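Side chains included, hydrogens not; waters and symmetry mates left out as well; all remaining heavy atoms used. Throughout, protein chains are lettered first and strands after them, A, B, ... in sequence-line order, and every chain is numbered starting at 1. This structure is a prediction, so every number in the text was calculated from the model and none was measured.
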There are 2 protein chains.
Amino acid sequence: MGSEPGYRPVETVETALEIVALLKRRDRAGVTAIADELGIAKSTASRHARTLEDQGVLVREGEAYRLGTWFLDYGTYVRNRQPVFEAAKPKVDELAAATDEKVWCVIEEHGVGVHIYGAEGRHSVRTHARVGRRTPLHQFAAGKAILAHLPDERIGTILEERGLEAATDETITDRSELREHLETIRERGYAINREESVRGVRAVGAPIRSDSGDAVTAISVAGPANRLRGEVLTEELPALLLGATNEIEVNLAHS
Amino acid sequence: MGSEPGYRPVETVETALEIVALLKRRDRAGVTAIADELGIAKSTASRHARTLEDQGVLVREGEAYRLGTWFLDYGTYVRNRQPVFEAAKPKVDELAAATDEKVWCVIEEHGVGVHIYGAEGRHSVRTHARVGRRTPLHQFAAGKAILAHLPDERIGTILEERGLEAATDETITDRSELREHLETIRERGYAINREESVRGVRAVGAPIRSDSGDAVTAISVAGPANRLRGEVLTEELPALLLGATNEIEVNLAHS
DNA sequence: GTGGCTCGTTCGAATAGCGGGAACACATTT
DNA sequence: AAATGTGTTCCCGCTATTCGAACGAGCCAC
């Protein structure tokens with residue numbers, strides 16, 4: 001079930017990206033460390049690192065290289081170019097202020113959920129989530145909300161390629177159970193995450209749909225299980241969320 | 001005054017980065033457009049683009065490629081790894097709330113200033129600044145604050161390599177004038193930007209120094225010229241800023 | 001002071017693989 | 001049905017990448 005290229009990838013670019021990925025794992029590394037860990041010659045590692053430095057991608061500190069703010073520049077560019085971001089940001093901020101919980105805006109890319117913006121409420125829980133973070137769609141509220149509103153064939157492809165890895169013992173890992181669950185989400189219009197991604201954390205997520213009815217974006221409110229229960233979880237928050245996503249959809253259609 | 005490699009850069013990586021840079025300029029482009037604009041063969045452009053897509057860097061939408069949230073992931077990683085970010089963020093937020101103006105945290109990299117975090121006040125001016133944005137150090141308050149507190153030889157190198165490009169007609173473009181100006185900043189401990197980067201916008205910036213006395217970070221408060229004048233500009237804001245940077249420096253030393 | 005260790009850089013040579021162009025498949029248009 | 005547009009595939013030639021070894025610069029210990 002691995003990946004089958006089929007075409008001829010540019011291997012030199014792949015090694016460059018391996019260096020970048022390595023520097024994300026190790027934070028900083030010298031030429032020797034890079035060469036050792038990737039199994040390439042020191043001279044090759046040196047040439048790559050210096051090239052990436054000259055291009056502004058890497059920064060050298062003495063004898064070590066680390067990732068530079070080049071990524072920050074491109075990262076914010078990418079976020080600002082998301083058409084939904086500008087429309088969703090103020091509403092996400094509003095929701096965070098109104099609920100005092102953590103609110104996230106999530107988009108789908110390459111079959112996984114990407115957190116593109118988060119707003120803090122006064123009592124926000126601290127999860128592992130972070131702007132840019134990737135999470136399997138089936139593991140959290142916003143992801144399930146997106147998944148439920150994708151074209152049916154797309155859902156199949158994603159489940160096929162990504163599988164149903166568990167994050168906690170509440171994560172839905174059975175395919176037919178997930179299918180039923182998604183059907184419920186479609187009927188209700190929102191998704192609930194009951195400690196399926198992080199133990200002790202629940203969330204409500206609602207999709208932002210385009211004219212075609214598909215969703216590539218969702219918004220979620222996350223908080224501790226003891227606050228998000230009863231009618232708050234099943235009535236109040238869904239109502240708030242659906243109001244917000246509805247407004248965002250309208251704003252998006254008129255821009 | 002051009003760049004003299006001196007070593008042998010990896011040209012394949014350079015073309016890959018050219019594609020990425022192109023997609024930042026044009027937002028989205030197909031294989032043919034990429035090949036035409038960069039003067040490479042379509043097959044080469046296709047292979048590069050698909051490689052970058054497989055690595056998660058690019059996303060394809062139909063027949064067009066665009067930059068993916070890969071950059072967002074790496075970008076926030078880079079920011080969170082800045083030791084100063086965690087310490088400065090709460091203070092920047094505080095300052096924005098206290099002054100109701102836009103507050104920026106800026107670091108130096110490759111001889112230019114990089115905005116790594118910004119907090120909005122209720123009356124924030126909207127400038128071209130943006131997280132990740134690069135600005136020549138001599139053009140703005142935070143940049144000048146950093147520049148003034150770098151090792152003397154470093155200052156010379158930066159001015160040599162980067163020059164003194166003007167942003168407005170108030171920008172300091174004379175080298176000896178700038179040197180004197182930096183001396184004043186060192187004496188005062190803070191820098192003032194009087195419409196030197198954006199017409200109608202003034203700012204105050206103060207450095208965050210490490211134990212060695214050098215600064216690689218600064219914080220600034222920016223606002224419209226009609227609000228930032230008189231004692232507000234020369235007394236109140238500098239005092240607030242210096243208080244904040246002082247606290248940040250202490251927190252940094254004890255971590 | 002001097003040998004040894006580690007770091008990164010440089011050099012030359014060999015071959016892997018990058019780049020280019022033409023032919024291809026496919027869709028949309030005229 | 002022909003024409004133009006898209007991206008992809010194939011193969012060949014030659015460049016540019018890769019490697020390994022030799023080199024030079026720091027640094028520490030003895």
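Side-chain atoms of A/Glu109 come within 3.5 Å of backbone atoms of B/Thr69 as a donor-acceptor pair (strictly under, hydrogens ignored). Remark: side-chain polar atoms of B/Tyr117 are not paired, donor with acceptor, to backbone N or O of B/Val92 under 3.5 angstrom. Side-chain N or O atoms of B/Arg28 include none that pairs as donor or acceptor with a backbone N or O of B/Arg66 at under 3.5 Å. Side chain of B/Arg162 to main chain of B/His110: a donor-acceptor pair is present (N/O by atom type, distance under 3.5 Å, no hydrogens or angles). In this structure, the side chain of A/Gln139 engages the main chain of A/Glu165 through a donor-acceptor pair within 3.5 Å. Formation of a donor-acceptor pair under 3.5 Å by the A/Arg209 side chain with backbone atoms of A/Glu249 is not found in this model. Within the 3.5 Å criterion, the main-chain N or O of B/Val10 finds a donor-acceptor partner in the side chain of A/Thr51.
Residues from residues 55-64 of chain B lying near DNA chain D, meaning a heavy-atom separation below 4.0 Å, are B/Arg60, B/Glu63 in numerical order. A heavy atom closer than 4.0 Å to some atom of DNA chain C occurs in A/Val10, A/Glu11, A/Thr12, these being the qualifying members of residues 10-20 of chain A. Taking a 4.0 Å limit (strictly below) on heavy-atom distances, residues 37-49 of chain A reaches DNA chain C at A/Lys42, A/Ser43, A/Ser46.
B/Asp36 places its CG atom 15 Å from the C1' atom of D/dT4, with the value rounded to the nearest Å. Between B/Leu52 atom CG and C/dC18 atom P there is a gap of 13 Å when expressed in whole angstrom units. Distance A/Arg8 CZ to D/dT9 P: 12 Å, rounded to the nearest Å. B/Ile34 has its CD1 atom 16 Å from the C1' atom of D/dG5, to the nearest Å.
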Evaluate A/Thr76 against B/Arg133 for side chain to side chain donor-acceptor pair (under 3.5 Å), listing each step before the verdict. CA-CA 9 Å; A/Thr76 56; B/Arg133 176 124 199 157; over 6 Å; no
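Annotation for B/Glu14 and B/Pro9: closest pair OE2-CB, 3.5 Å, computed over non-hydrogen atoms. Heavy-atom minimum distance, B/Asp214 versus B/Pro151: OD2-CG, 3.5 Å.
Within the structure, every pair that satisfies the ring-ring contact (aromatic ring centres under 6.0 Å, His included) test and touches residues 46-70 of chain B, not counting sequence neighbours, is listed here: A/Phe71-B/Trp70, B/Trp70-B/Tyr74.
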With 3.5 Å as the limit, what N/O pairs link the protein to nucleotides 24-30 of chain C?
none

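With respect to A/Glu53 and A/Arg50, no salt bridge is recorded, no charged nitrogen being found less than 4.0 Å from a carboxylate O. Between B/Arg130 and A/Asp73, at least one side-chain nitrogen of the basic residue sits less than 4.0 Å from a carboxylate oxygen of the acidic one, meeting the salt-bridge criterion.
Using bins of under 30°, 30° to 60° and over 60° for the plane-to-plane angle, the ring pair A/Phe140/A/His115 lands in the parallel bin.
Each end of the helix from C/dG8-D/dC23 to C/dT30-D/dA1 yields a helix axis from five base pairs, and these two axes differ in direction by 40° (to the nearest 10 degrees).
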